[in-house]
*Asks:* 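Questions regarding the structure given below will be posed in turn.
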Amino acid sequence: MKKIVLKKFVAEPRARIGYKIPYEAALNAAQYEAVMHNEGAALVVAGAGTGKTRTLIYRVARLIEDGTAPEQILLLTFTRKSASEMLRRASALLDGRCEKVSGGTFHSFSLQTLRTYAAHINYDPSFNVLDQSDAEDTVNLIRSQYKFEKSKKRFPQKSTLIKILSLSINKRDTVEKIIEDNFPLFSDETQNITNILLQYDIYKKKYGLMDYDDLLLNLLNLLKTSVSARRDINKRLPFVMVDEYQDTNRLQHEIVMQLAGEKQNIMAVGDDAQSIYAFRGADFQNILFFPESFTDCKVYKIEQNYRSNQPILNLTNSLINKALFKYEKELFTDRDGGELPKLVAANDERQQSEFITQQILELREQGIELNEIAVLFRSGFLAFDVEIELNKSNIPYRKFGGIKFIETAHVKDLIAYLRILFNPRDAVSWQRILLLLDGVGQRTASDIIEKLSTGVLIVSDLKNIDLKGKKQESIQELFQFLSEISNSKQGVGDKASAIAEFYKPLLKKRYDDWQKRWKDIEMFLNIAERYKSLRDFLNDMAIDPPVEAVSDLESESKEDEYLTLSTIHSAKGLEWKVVFLIWALEGRFPSAKSVDSIESLEEERRLFYVACTRAKDELYISYPMNFYDRESGFVLSEPSRFIDDIEKDLYEKYILVEEE
């Protein structure tokens with residue numbers, strides 16, 4: 001007699017009847033598939049605006065509905081606010097059980113875990129945690145013992161030393177490699193830096209201290225060296241989810257691999273196309289090679305976009321499809337219509353700023369609130385000229401990811417020199433530039449200012465300076481320079497350039513990142529060259545109404561309304577109806593330095609992509625056709641190479657002309 005084998009039926013989670021939440025109806029097909037993933041490793045590649053957070057929230061709820069105790073779920077995010085918001089939304093979706101999920105940042109989870117298992121790595125559970133400021137002060141204490149202040153050679157400041165150590169830990173590289181790649185200025189001091197950081201580590205262990213990076217490093221050490229602790233943690237937290245996986249560094253990736261345990265119930269969610277934090281130590285390869293780190297890892301792609309219209313998505317798809325390293329995906333939307341993105345070529349920087357200001361005013365007249373508009377840029381200094389034009393037009397704005405133009409210390413220093421040329425009795429400006437000089441302290445500065453105000457001391461008469469040593473030399477040099485430049489017939493731009501060159505040695509001495517600050521100064525000089533009158537220039541520099549004074553524009557406004565100026569890094573995760581991406585110019589975006597390596601250039605592409613995907617309804621990409629770069633000596637005139645990678649029929653091209 002023949003037999004028929006009855007196979008055991010194992011119901012998948014999606015087949016279960018009686019869920020409180022209608023998952024299939026509430027989610028699109030791709031989201032639903034990811035939410036219903038049960039056991040084993042999984043990577044959810046969620047494109048920009050596709051509902052990544054929604055997917056995580058629904059999976060937390062689904063796991064709990066399937067009987068998983070909320071305390072057995074670990075949700076790792078990059079901010080406490082993000083974790084709290086997700087669990088709050090999950091609770092609103094299901095019930096209060098979701099609040100019991102173990103949610104938080106890598107650092108908060110590490111701290112909680114190490115408090116419990118500190119003895120396993122020879123620490124007392126009552127160890128203290130140094131914040132950034134404490135860590136820098138501790139390093140400075142050790143640094144001072146080496147008496148580098150008296151050395152003729154330049155030695156990194158405390159903040160730079162901590163940055164070197166942090167990158168070394170998070171990238172899992174040697175201090176030597178970090179210095180070579182990121183701080184070549186200090187390559188001759190590599191051994192001394194290594195010694196100081198070693199003493200810093202010894203100091204912390206001696207006094208039972210950990211800094212933020214130690215929390216991660218010691219957690220990994222615990223997971224690798226203590227089998228009992230790792231098994232206990234894996235058993236207690238069998239389900240792990242990690243948000244924004246493209247932003248993890250090498251150290252965090254190693255921690256995740258340990259947390260996955262033997263069952264590998266790990267789900268990572270992120271977007272390779274939005275990996276833009278390499279400067280913080282984030283490793284793009286973590287998400288790219290995530291599936292290879294685990295056995296039978298399932299990859300889910302979520303491509304339906306709920307933010308942008310299709311013309312914007314067509315452009316961003318075209319841009320990212322040219323990336324060398326990526327997961328293939330094509331974002332789409334159900335939204336109808338939408339205008340083609342606009343590529344706007346301006347004659348120069350000034351015209352670009354005037355266009356943006358004019359267009360913002362027109363959009364405001366059309367009923368689009370300033371809160372729904374953003375101007376995005378690669379680096380903070382690229383917005384300086386736009387800020388001036390916005391101030392002229394009384395358009396209130398807030399700037400994120402950088403300091404306002406005239407609030408940067410180095411730009412304020414330059415303005416102080418020019419103010420003295422315009423008004424030699426300006427005591428505030430005198431105070432600022434005198435304190436920059438070697439050997440000059442508050443008492444000496446006050447004494448000189450008093451003598452200048454009473455006429456006892458005259459800038460053009462060096463004989464009246466009666467001081468000793470470095471004070472005498474540095475003040476004589478300053479007075480001689482100011483005397484020469486005040487008597488010259490140079491224009492505003494030339495005077496500003498001369499001041500910048502005089503100031504440059506002081507800039508180098510005060511700041512380890514002086515090259516970055518010099519970029520700000522170059523932009524300042526380009527703006528200064530446009531002015532014929534020093535008075536007009538200083539007037540425009542001083543026009544900076546407080547953002548909160550929106551009542552000047554709308555006296556009956558019920559809430560603050562302001563335009564957003566933001567670096568692209570600070571804009572990630574946000575969205576606006578209208579986005580202006582400025583300075584899409586080769587040499588600026590991508591930056592000149594990034595073209596030296598494929599990895600850097602590809603990150604610039606992803607940064608460009610992130611900027612464009614912030615727009616919901618309208619996208620403007622602009623660049624000046626003529627810009628002189630002082631550092632290279634070249635005139636930059638070519639649009640960004642990333643624009644060349646976009647199919648020409650996916651945007652409209654405009655050129656600006658002056659009204660006759």
*Asks:* Passes side chain to side chain contact (heavy atoms under 4.5 Å, CB included), V45 versus K329? Steps please.
*Replies:* CA-CA 9 Å; V45 181; K329 56 182 177 293; 4.0 Å; yes

*Asks:* Looking just at side-chain N and O atoms, do D213 and S166 make a donor-acceptor pair shorter than 3.5 Å?
*Replies:*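 A pair is found: one side chain offers a donor N or O, the other an acceptor, under 3.5 Å apart.
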
*Asks:* So, taking the atom named CG in L237 and the one named CD1 in I266, what distance separates them when rounded to the nearest 0.5 Å?
*Replies:*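 Spacing of CG (L237) from CD1 (I266) equals 10.5 Å.
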
*Asks:* Under the criterion side chain to side chain contact (heavy atoms under 4.5 Å, CB included), I'd like the reasoning laid out for H107 against L216: C-alpha separation, chi angles, the key distance, then a yes or no.
*Replies:* CA-CA 6 Å; H107 289 86; L216 300 185; 3.7 Å; yes

*Asks:* As a test of understanding, state which of Y58, F239, Y300, Y32 forms a ring pair (Phe, Tyr, Trp, His ring centres under 6.0 Å) with H37.
*Replies:*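 Of Y58, F239, Y300, Y32, ring pair (Phe, Tyr, Trp, His ring centres under 6.0 Å) with H37 is met by Y300 alone.
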
*Asks:* Hey, would you say the Y397 and Y562 ring centroids sit under 6.0 Å apart?
*Replies:*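 Ring centres of Y562 and Y397 not closer than 6.0 Å.
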
*Asks:* Between R364 and E561, does any side-chain N to carboxylate O distance fall below 4.0 Å?
*Replies:*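 A salt bridge links R364 with E561.
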
*Asks:* If we count only N and O atoms by modelled type, under 3.5 Å, do the side chains of Q304 and D334 hold a donor and an acceptor together?
*Replies:*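 Distance-only check passes for Q304 and D334.
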
*Asks:* Can you find a pair of side-chain heavy atoms, one from P590 and one from S640, that are under 4.5 Å apart?
*Replies:*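 They are in side-chain contact.
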
*Asks:* Are any non-hydrogen side-chain atoms of F377 and T567 less than 4.5 angstrom apart?
*Replies:*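 Yes, at least one pair of side-chain atoms sits under 4.5 Å.
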
*Asks:* Whether D211 and K204 form a salt bridge (side-chain N of Lys/Arg under 4.0 Å from carboxylate O of Asp/Glu) is what I want to check.
*Replies:*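 Here K204 pairs with D211 in a salt bridge, since their nearest N and O are under 4.0 Å apart.
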
*Asks:* Between S318 and N314, do the side chains contain a donor N or O and an acceptor N or O under 3.5 Å apart?
*Replies:*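 No donor-acceptor contact under 3.5 Å links the two side chains.
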
*Asks:* Report yes if some heavy atom in the side chain of E362 is under 4.5 Å from a heavy atom in the side chain of I368; otherwise report no.
*Replies:*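 Side-chain contact under 4.5 Å: no.
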
*Asks:* Are any of the side-chain nitrogens in R641 or D645 under 4.0 Å away from the carboxylate oxygens of its partner?
*Replies:*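 Between D645 and R641 there is no salt bridge, as every charged N stays at least 4.0 Å from the carboxylate O atoms.
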
*Asks:* Could you check whether E254 and Q252, counting side-chain N and O atoms only, form a donor-acceptor pair closer than 3.5 Å?
*Replies:*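 On atom types as modelled, these side chains do not qualify, holding no pair under 3.5 Å.
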
*Asks:* Below 30° counts as parallel, above 60° as perpendicular, anything between as tilted: where do the rings of F580 and Y620 land?
*Replies:*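 It falls in the parallel class, under 30°.
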
*Asks:* With side chains defined as the heavy atoms from C-beta onward, is the minimum distance between K326 and E602 less than 4.5 Å?
*Replies:*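 Counting from C-beta outward, K326 and E602 never come under 4.5 Å.
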
*Asks:* About how many Å separate CE of M257 and CD1 of I255, when rounded to the nearest 0.5 Å?
*Replies:*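 Atom-to-atom, I255:CD1 and M257:CE are 12.5 Å apart.
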
*Asks:* Evaluate V242 against L75 for side chain to side chain contact (heavy atoms under 4.5 Å, CB included), listing each step before the verdict.
*Replies:* CA-CA 6 Å; V242 187; L75 174 62; over 6 Å; no

*Asks:* State whether a side-chain donor-acceptor pair under 3.5 Å links Y245 with D271.
*Replies:*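 Not at all, the side chains of Y245 and D271 share no donor-acceptor pair under 3.5 Å.
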
*Asks:* Taking atom types as modelled and ignoring hydrogens, do the side chains of D617 and N309 form a donor-acceptor contact shorter than 3.5 angstrom?
*Replies:*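 No pair is found: no donor N or O on one side chain lies under 3.5 Å from an acceptor on the other.
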
*Asks:* In terms of relative ring orientation, are H253 and F294 parallel, tilted or perpendicular, with 30° and 60° separating the classes?
*Replies:*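 Perpendicular.
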
*Asks:* Do L343 and E652 have side chains that get closer than 4.5 Å, going by heavy atoms?
*Replies:*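 With C-beta onward as the side chain, the pair stays apart.
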
*Asks:* Taking it one step at a time, do F589 and L382 satisfy side chain to side chain contact (heavy atoms under 4.5 Å, CB included)?
*Replies:* CA-CA 10 Å; F589 200 177; L382 295 175; 5.9 Å; no

*Asks:* Test side-chain hydrogen bond (donor to acceptor under 3.5 Å, both in side chains) on Y117 and D232; report intermediate values, then the result.
*Replies:* CA-CA 10 Å; Y117 299 98; D232 189 26; 2.3 Å; yes

*Asks:* Between E244 and K52, does at least one N-O distance fall below 4.0 Å, as a salt bridge requires?
*Replies:*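 Counted as a salt bridge, because a side-chain N and a carboxylate O are separated by less than 4.0 Å.
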
*Asks:* Nearest 0.5 Å please: distance from the CZ atom of F400 over to the OG atom of S566.
*Replies:*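 Rounded to the nearest 0.5 Å, the CZ-OG separation comes out at 7.5 Å.
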
*Asks:* Return yes if a side-chain donor-acceptor contact under 3.5 Å exists between S110 and T113, otherwise no.
*Replies:*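 There is no such pair (donor and acceptor under 3.5 Å, judged by atom type) between the side chains of S110 and T113.
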
*Asks:* Answer yes if the side chains of N286 and T248 hold a donor-acceptor pair under 3.5 Å, and no otherwise.
*Replies:*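 T248 and N286 do have a side-chain donor-acceptor pair below 3.5 Å.
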
*Asks:* Is it the case that the side chains of Y19 and D66 hold a donor-acceptor pair, with the cut-off being a distance below 3.5 Å and no angle test?
*Replies:*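 Yes, because at least one side-chain N or O of D66 sits under 3.5 Å from a partner of the opposite role on Y19.
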
*Asks:* If you round to the nearest 0.5 Å, how far is CE of M267 from CG of N265?
*Replies:*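 N265 atom CG to M267 atom CE measures 10.0 Å (nearest 0.5 Å).
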
*Asks:* Is it true that S108 and T105 share a donor-acceptor pair across their side chains at a distance under 3.5 Å?
*Replies:*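 S108 and T105 do have a side-chain donor-acceptor pair below 3.5 Å.
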
*Asks:* So do the side chains of D173 and L167 get within less than 4.5 Å of each other, counting heavy atoms only?
*Replies:*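 The answer is no, as the side chains (C-beta and beyond) never meet within the 4.5 Å cut-off.
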
*Asks:* If I take atom CD1 from residue I287 and atom CZ from residue F325, how far apart are they, to the nearest 0.5 angstrom?
*Replies:*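 The CZ atom of F325 is 15.5 Å from CD1 of I287, to the nearest 0.5 Å.
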
*Asks:* Side-chain donor-acceptor pair under 3.5 Å between Y123 and D214, yes or no?
*Replies:*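 No - no donor-acceptor pair under 3.5 Å links their side chains.
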
*Asks:* One thing to verify: whether E604 and R378 come together as a salt bridge, which I'm taking to mean a side-chain N less than 4.0 angstrom from a carboxylate O.
*Replies:*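 Looking at E604 together with R378, the answer is yes, because their closest N to O distance falls below 4.0 Å.
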
*Asks:* Please check if the side chain of N321 supplies one atom and the backbone of N317 the other of a donor-acceptor pair under 3.5 Å.
*Replies:*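 Between the backbone of N317 and the side chain of N321 there is a qualifying donor-acceptor contact (under 3.5 Å).
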
*Asks:* Cut-off 3.5 Å, side chains only: do R54 and N28 have a donor facing an acceptor?
*Replies:*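 Side chains of R54 and N28: no pair found under 3.5 Å.
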
*Asks:* Distance check, rounded to the nearest 0.5 Å: M36 atom CE versus Y23 atom OH?
*Replies:*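 Reported to 0.5 Å precision, the distance equals 6.5 Å.
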
*Asks:* Whether the side chain of T68 engages the backbone of I64 through a donor-acceptor N/O pair (distance < 3.5 Å, no angle test) should be reported.
*Replies:*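 Looks like no, no N/O pair under 3.5 Å.
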
*Asks:* Answer yes or no: is there a side-chain heavy-atom contact under 4.5 Å between R606 and F284?
*Replies:*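 Result yes, sub-4.5 Å side-chain heavy-atom pair found.
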
*Asks:* Considering only heavy atoms from C-beta outward, does the side chain of P311 approach that of L650 to under 4.5 Å?
*Replies:*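 No; the side chains remain at least 4.5 Å from each other.
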
*Asks:* Under 4.0 Å between a Lys/Arg side-chain N and an Asp/Glu carboxylate O for R614 and E575?
*Replies:*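 No, R614 and E575 are not salt-bridged.
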
